[in-house]
Amino acid sequence: MKSSIFISMALLISWLSSGSLQAVQQPNIIIFYVDDLGWQDVQINDVDEPCPYETPNVIKLAESGMNFTQGYAPAPSCSPSRAGIITGQHPAKIGMTHVHLGAIKPGRKTDPLVPPYLENHLDLNLLTLADAMKANGYRTGHSGKWHVGLNAANYGFEVVNQDRGPHRGMDDRTKGFATADDKNYPLSKEKYPPTSDKHPEGISYPYDEVTESAIRFMSESGDQPFFLNLCHWMVHWPVLTRNGELLEYYCDKLGQPFPPKPGDMSLPGQQNPYFASMVTTVDWSLGRVVDFLKTTDDPRNPGKKLIETTYIFFTSDNGGAEKHGKEIISDNAPLKYGKTHPEDGGVRVPMVIAGPGIKHGSRFDGLVNQLDYFPTILELTGSKVAPDDFEELSGLDISPVLEGKSEQVVDAKGNERAQLFWHFPHNGMDSMKSAIRSGDFKLYKRYATNDYELYQLYKDGQRNDFEEVHDLAKNPEFSSVVEKLSAALEAELAANHAEGPYLNPDYSKKKTPSAMLSQPKYDRGSRQATLSVETSGPAVKKAWVIYRPEDPSAKHRYKEMVSEPDDAKLPGMREPASIDADGYRVTAEIPAGNPAYCFAIIDANGYLTYSKTVKASVSAKGK
């Protein structure tokens, strides 16, 4: 079970804001999380070509707070970043490094490596930020995308709405836009930017349940401080909008016909009007939230508006998605690659934090990770957790940077942050990499070739090789850098128990034998499952039993479901199996009522092999 949490008394936190001393009691916290928004998809980090997507509210937020020019997500894909930000622990450490939760995918014959198995949901025993805030007197709410299994209600959130809002598939994205009397997405009576000759007063926006449920949550919190986790489904695929006026605006701006022609958008760079519309819609949502804070009194702090007592953490779960099939979505240039790649295009994200005590229009150019949010929010709110839980956190408290008390991110001993690292053993040979960023350099461990790449992103703190095109790993001049960073990366991987990738037993050119598994056996009376391995091949070094759904042959589909937080024995989860002394027999007891199971084993040669799935319909008599 989760460790006990020390519940703090209501604390007064003082800080300097706009030059005057202001006392705020337990400030509110909003994490405004966007899906797939790239570092170059907003107008605050423009390098080279200016961003054509209009984000006036992000600009205003940066003007009222701090822009982190080197802000990073914990991972290059959705689920691990969300799991990391809500637990404060590195995705490698908690075993959630990609989105394929609960999926068993056999390797292709052309691939020498396969990814590790990922459990179907975030471990229910992990302390979450919502747990911590709730225990410290906060009302906790989640609105929008969750995507780490089960339901946000299972992880400390009291008020949950996982609606998609208007971001749902359309039969034909070139027409059928929302109208004023639309049943599901009525257009607003209020007008908002952008303005144009066609719409000098601005345009209307379709009703968005993600935004509105977030505002309802805040308005209903009364005199209780709140923690809001607002997570948009945009700007993820499908790339579309129900806002016809906004789409027309971008078609005109980008010199394209309206309505667009059916089919894929194939113009290079940042020329997709559908994507542009989604970016501005998310920006509009941010504006709606900020406007609510500006116009609403804080009942706990007489004379103040909520905007004066609330921190907003604005960022994205990973770098931008550049393509989907033949569709060109956006462009992360000059950063290399994008989503599902540990290169900077996949992990460097827009990041702005605004709130009490943060100097307006400030900027921080040091390394910051979303894993820093958990300890920082604890400090900003005067919240406490058990010491053992605090020790598990992977990030650092950046509140001294936010409050202008330090120009460096430092650990508890006062040492300046040395590095950040990522682990992504997924998505084919070009993506299966671990990476470490330290100072001006970024080093990659390539699992497909078992070697390293090294790039110097900056030189003496100035831009040098954002594109990551000059690999310095084999340059003798940088051999000491490779040696130092590779050792540091390996230490991080070991300390965080990073798993995979493994050798693929189905690889057509494998050079060593893999374990040969027999058909698993199951004794219904004792609920004992047994798997034997042929003694002529390699022995088993590690083994798990994986609990499978009732129809194990069905294609895996990710489901946002509510379930009783029983334990790890829910379908899709795994537990260690027992290995006989000789290493050729594996056993496990299957819990009563579990419909099916399979085994996963790592053999002595490093191959990951799954057994066949076995039905284990245990009757009441067998309990």
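With 3.5 Å as the limit, one finds a donor-acceptor pair spanning the side chains of Tyr33 and Gln370. In this structure, a donor-acceptor pair under 3.5 Å is present between the side chains of His98 and Asn427. In this model, no donor atom of one side chain and acceptor atom of the other lie less than 3.5 Å apart for Asp264 and Ser266. In this model, no donor atom of one side chain and acceptor atom of the other lie less than 3.5 Å apart for Lys339 and His324. At a cut-off of 3.5 Å, with distance as the only test, a side-chain donor of Tyr447 or Ser434 sits close to an acceptor on the other residue. Using modelled atom types and a 3.5 Å distance limit, the side chains of Gln419 and Glu492 yield a donor-acceptor pair.
Screening residues 473-483 for side-chain hydrogen bond (donor to acceptor under 3.5 Å, both in side chains) gives no qualifying pairs among residues at least two apart or on separate chains.
Here the closest heavy-atom approach between residue Leu113 and residue Met432 is recorded as CB-SD, 3.8 Å. Shortest non-hydrogen contact noted between Ile86 and Trp146 is CG1-CH2, 4.3 Å. In terms of heavy-atom proximity, His426 sits nearest to Pro115 at ND1-CB, 3.3 Å.
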Query - From CA spacing to verdict: side chain to side chain contact (heavy atoms under 4.5 Å, CB included), Phe68, Thr315 - result: CA-CA 10 Å; Phe68 293 84; Thr315 190; over 6 Å; no

Query - Chi angles and distances behind the salt bridge (charged side-chain N to carboxylate O under 4.0 Å, His left out) call for Arg574, Glu499 - result: CA-CA 14 Å; Arg574 70 178 185 180; Glu499 186 182 353; 2.8 Å; yes

Requested in this report: Mind running side chain to side chain donor-acceptor pair (under 3.5 Å) on Tyr455 and Glu467 for me, showing each step along the way?
Outcome: CA-CA 9 Å; Tyr455 300 97; Glu467 298 82 358; over 6 Å; no

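For Tyr607 and Tyr507, the distance between ring centers is not under 6.0 angstrom. Taking the six-membered ring for Trp and the full ring otherwise, Tyr458 and Phe441 have centroids separated by 6.0 Å or more.
When atom types are taken as modelled, the side chain of Asn272 and the backbone of Ile328 share a donor-acceptor pair closer than 3.5 angstrom. Side chain of Glu322 to backbone of Asn332: a donor-acceptor contact under 3.5 angstrom is found.
Remark: Asp506 does not engage Lys109 in a salt bridge, criterion side-chain N to carboxylate O under 4.0 Å.
Asp365 pairs by the salt bridge (Lys or Arg N to Asp or Glu O under 4.0 Å) definition with Arg363, not counting sequence neighbours.
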